[in-house]
Amino acid sequence: MSTELFLQNEAKIAVEKLYGVIAEASQLQIQKTRKEFEGDYTLVAFPLLKISKKNPEATSQEIGQYLVDNCKQIVRFNVIKGFLNLSMSNEYWAEILTNISLTNDYGFLPSDASGRSVMVEFSSPNTNKPLHLGHIRNNLLGFSVSRILEKNGNKVKRVNLVNDRGIHICKSMLAWQKFGNGETPESAGKKGDHLVGDYYVRFDREYKLQIEDLKSKGLSEDEAKAKAPIMLETQEMLRKWEAKDPEIYTLWERMNGWVYNGFEKTYNALGITFDKTYYESQTYLLGKATVLEGLDKGVFKRKDDGSIWIDLTNDGLDEKILMRSDGTSVYITQDIGTAIQRFDEHHLDEHIYVVGNEQEYHFQVLKLILKKLGYKWSDNLFHLSYGMVQLPEGKMKSREGTVVDADDLVDEMVSTAHDMSAELGKLDGVDSNDAAAICQMVGLGALKYFILKVDPKKNMTFNPRESIDFNGNTGPFIQYTHARICSVLRKAEELGINLPKTISMQGFTAPKEIELIKLISEFPTVVEQAGKELSPSFVANYAYELTKEYNQFYHDFPILKEEKLDVQALRLSLSKIVGDTIRKSMWLLGIDVPEKM
RNA sequence: GGUCCGGUAGCUCAGUUGGAUAGAGCAACAGCCUUCUAAGCUGUGGGUCACAGGUUCGACUCCUGUCCGGAUCACCA
């Protein structure tokens, strides 16, 4: 039980004994005491005035006195205005710390604890261009949220839905066919996803030229766009693909294969894995039967041209098309089918889609349609909608070449980590393999932390130069502190100093130690909160706060050099547990921590 | 135009059932390594929490309106 809950209970008893009224939980507000006042936790008196019928000071005074007299864990109190500040006993904190050190994976629940099964879909790349900064946010969020949900006691399945078909895929195929001269990733010395991306850009260039050409011949913009020969050819290619034309199909498989090899490298570099990968080419026909069923049930209606629609105007939305007049399906048709299939096959309790906020409307519609079709689980579909990543100059635009490429960015972060480590002399005498591993960890740590510390739903600005920071509120700062702690623990072992089994209250010498225990004891609540809100930023900000607090402690107090043994024991235990908590927090973010750096 | 999201220090961000004098980092300046890792620690300066009303003992937080920015409302995905 957290200290907040404990105190809330004690305060409830106090209020009942003193005033004969059982207070509501909402009237018993416990919060951490602000640093400038003495005390650990604070009871806010204002909501209780109606019960006590006394002024804030008198009410606080009475409750404080009662608690000190009747609760051995509370040893002191002071009242400032309407705030009752309570101090817990050293024995209480020693016991908390002992319990934490004896608890396996403190703050983490086993994955069957909730009995719930959750699917998280994220990444969902197109196979016509390489991953960029926007995908990085998506991948990091999806992966971290999966881990957070797992440690909240859920069974989690990470899935990727690859958009491997459609007109945009044909564009890069056609451009390669026309202008590629048989170029391959090997012959070009390029990652496959980058090579294919180049042809996607090439298509666009060609397309624009043809549009201009047609316009100069008197066609309107729209006509030119529709009649450009290269576009007509692409549409023809898509028809052939759908008819499984052998030549087109082979080309498609070949080029997608290049892209998958490229993606795999990027995922590996980022440390991202999936339990299952779905391909749209295998799922895009799903949902059609459901749409026809819905038509029979009268949930949908058919227009004169044969297209099928749902009218959502009564729900504050618009009309939405579900099947084209030629009988082909649109994007949402597939999502309807996929969702039904996944809930049937995997007995899911929840499904989370990690997709950018530009698709909020889409998921709103999807949930509503499934609800109208009678699927009760539609309430358990969540769109984890995250904001855009912008550059200082504004939005990234692939056509203007302002996108930040994922591979380039990772490389740049790692090489900066390398430069900085070398400059600081951190790599002196370190084995070159170890050094490379450390720089990898640090560079990626900087990038991942930078992105995950921001509330997912907010847009964020990424400055390629300034964002590569390794001091202050950054991943490397947290990693560094972990390495420091490891160093202390190594030294302790060398000196034959063992970690104590239980912590003695005599060891407390400073409020800083209690401050640290307080923070560590909040870890389970942080994990829970992050899971509830699907927000890794809670964990990131917590890790930073804990780290900062520990560094102050480390700076001000000797650990191994402390001569009083019970004090030394406490500080060593505390260091160990802080290190563990940092590592676990960072693990939840998908960030590795080094033992040396 | 309708709907949704955001606006907090020069910059990047915290601030969660409404609580005390709104916090960090970066950048700037000034200190601290014969002592467990200085990628650290300490200090200084920096704010009309977009604006105006309202609710209340108390509002960055809740409500209404206005302004600004973004997203979205395709027989695209």
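Computation of the quantities below employed the complete heavy-atom set of this structure, encompassing side-chain atoms and omitting hydrogens, waters and symmetry-equivalent molecules. The chains referred to below are lettered A, B, ... by the order of the sequence lines, with proteins before strands, and numbering in each begins at 1.
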### Task
Determine the Euclidean distance between corresponding C1' atoms of B:A9 and B:A50; express it in Å to zero decimal places.
15 Å

### Message
I'd like the C1' distance from B:G53 over to B:G43, given in whole Å.
### Response
42 Å

### Query
Does the side chain of A:Arg324 get closer than 4.0 angstrom to OP1 or OP2 of B:C76 through an N or O atom?
yes

### Query
Does the side chain of A:Asn551 reach to within under 4.5 Å of the side chain of A:Lys548, using non-hydrogen atoms?
no

### Query
Considering only the P atoms, how many Å lie between B:A52 and B:C57, rounded to the nearest integer?
23 Å

### Query
Is it true that A:Lys512 and A:Asp556 have a side-chain N and a carboxylate O under 4.0 angstrom from each other?
no

### Task
Salt-bridge test for A:Lys225 and A:Asp222: reply yes if a basic N is under 4.0 Å from a carboxylate O, no otherwise.
no

### Task
Kindly state whether the pair A:Phe83 / B:A20 counts as stacked, where counting means centroids closer than 5.5 Å and planes tilted less than 30° apart.
yes

### Message
Roughly how many Å apart are B:A30 and B:U66, using the C1' atom of each and rounding to a whole number?
### Response
45 Å

### Query
Which sits closer to the 5' end of RNA chain B, A:Ser329 or A:Val44, going by the nucleotide each is nearest to?
A:Val44

### Message
One thing to verify: whether A:Lys32 and A:Glu522 come together as a salt bridge, which I'm taking to mean a side-chain N less than 4.0 angstrom from a carboxylate O.
### Response
yes

### Summary
Ranking B:U37, B:A77, B:A20 by distance to the side chain of A:Arg34, first place goes to B:A20

### Query
Which of the following nucleotides, B:C4, B:U16, B:C13, is nearest to the side chain of A:Met460?
B:C13

### Message
What is the distance, to the nearest angstrom, from the CG atom on A:Leu28 to the C1' atom on B:U17?
### Response
13 Å

### Query
What about A:Asn551, does its side chain sit under 3.5 Å from the base of B:A39 through a donor-acceptor pair?
no

### Message
Checking contacts here: which listed nucleotide (B:A39, B:A77, B:C26) is nearest the side-chain heavy atoms of A:Leu424?
### Response
B:A39

### Mate of B:A39 where both pairing distances stay under 3.5 Å, Watson-Crick or G-U
none

### Query
Can you find an N or O donor on one side and an acceptor on the other, under 3.5 Å apart, linking the side chain of A:Thr42 with the base of B:A20?
yes

### Query
Can you check the A:Ile310 CD1 to B:A74 P distance for me, whole Å?
15 Å

### Task
Can you tell me the distance, in whole Å, between the CG atom of A:Leu312 and the P atom of B:A74?
12 Å

### Query
For A:Gln27 and A:Trp309, take the nucleotide of RNA chain B holding the closest heavy atom to each; which residue's nucleotide lies nearer the 5' end?
A:Gln27

### Query
Given the C1' atoms of B:U44 and B:U34, what is the spacing between them in whole Å?
30 Å

### Query
Does any nucleotide pair with B:C57 by Watson-Crick or G-U wobble geometry, both distances under 3.5 Å, and what is it?
B:G19

### Base B:A39 paired with A:Ser421 side chain (donor-acceptor, <3.5 Å)
yes

### Task
Tell me, please, whether A:Phe203 has A:Lys208 positioned over its six-membered ring: NZ or CZ under 6.0 Å from the ring centre and within 45 degrees of its axis?
no

### Task
From the options B:U37, B:G25, B:A20, select the nucleotide whose nearest atom is closest to the side chain of A:Arg490.
B:U37

### Query
Does B:C57 sit syn or anti, given that only angles within 90° of 0 count as syn?
anti

#### Entry: Atom pair distance, as rounded to whole Å: NZ in A:Lys458 and P in B:C13
8 Å

### Query
For the residue pair A:Tyr550 and A:Phe553, is the inter-centroid distance of their aromatic rings smaller than 6.0 Å?
yes

### Message
Test your reading of the model: is there a side-chain donor-acceptor pair from A:Thr33 to the backbone of A:Tyr41, 3.5 Å cut-off?
### Response
yes

### Task
Could you check which nucleotide pairs with B:A28 in any of the strands shown, counting Watson-Crick or G-U wobble with both distances under 3.5 Å?
B:U44

### Task
Using the six-membered ring for Trp and the full ring for Phe, Tyr or His, decide whether A:Phe477 stacks on the six-membered base ring of B:G40 (centres under 5.5 Å, planes under 30°).
no

### Query
Taking atom P in both B:A74 and B:G69, what distance in whole Å separates the two?
24 Å

### Query
Can you tell me the Watson-Crick or wobble partner of B:U3, both distances under 3.5 angstrom?
B:A71

### Message
Work out how far the P atom of B:G6 is from that of B:G10, and round it to whole angstrom.
### Response
23 Å

### Pairwise P distance for B:G19 and B:G58, with rounding to whole Å
14 Å

### Query
For the pair made of CD in A:Gln552 and C1' in B:U42, what is the distance, rounded to whole Å?
10 Å

### Query
Among B:A77, B:A20, B:G40, which is the nearest nucleotide to the side chain of A:Phe37?
B:A20

#### Entry: Euclidean distance, atom CD1 of residue A:Ile332 to atom P of B:A74 [Å, nearest integer]
12 Å

### Query
Just checking, A:Lys303 and A:Trp309: is the charged tip under 6.0 Å from the six-membered ring centre and within 45° of the axis?
yes

### Message
Tell me the interatomic distance from A:Tyr361, atom OH, to B:C73, atom C1', rounded to whole angstroms.
### Response
6 Å

### Task
Using Watson-Crick or G-U wobble geometry with both distances below 3.5 Å, tell me the partner of B:G65, or none.
B:C51

### Message
Using the side-chain heavy atoms of A:Glu358, tell me which of these nucleotides is nearest: B:A71, B:A14, B:U37.
### Response
B:A71

### Query
Across the strands shown, which category fits A:Gln529 at heavy-atom distances under 4.0 angstrom: base, sugar-phosphate, nothing?
base

### Interatomic distance, A:Asn357 CG vs B:U3 C1' [rounded to whole Å]
14 Å

### Touch class at under 4.0 angstrom, heavy-atom based, for A:Lys596 against every strand present
base

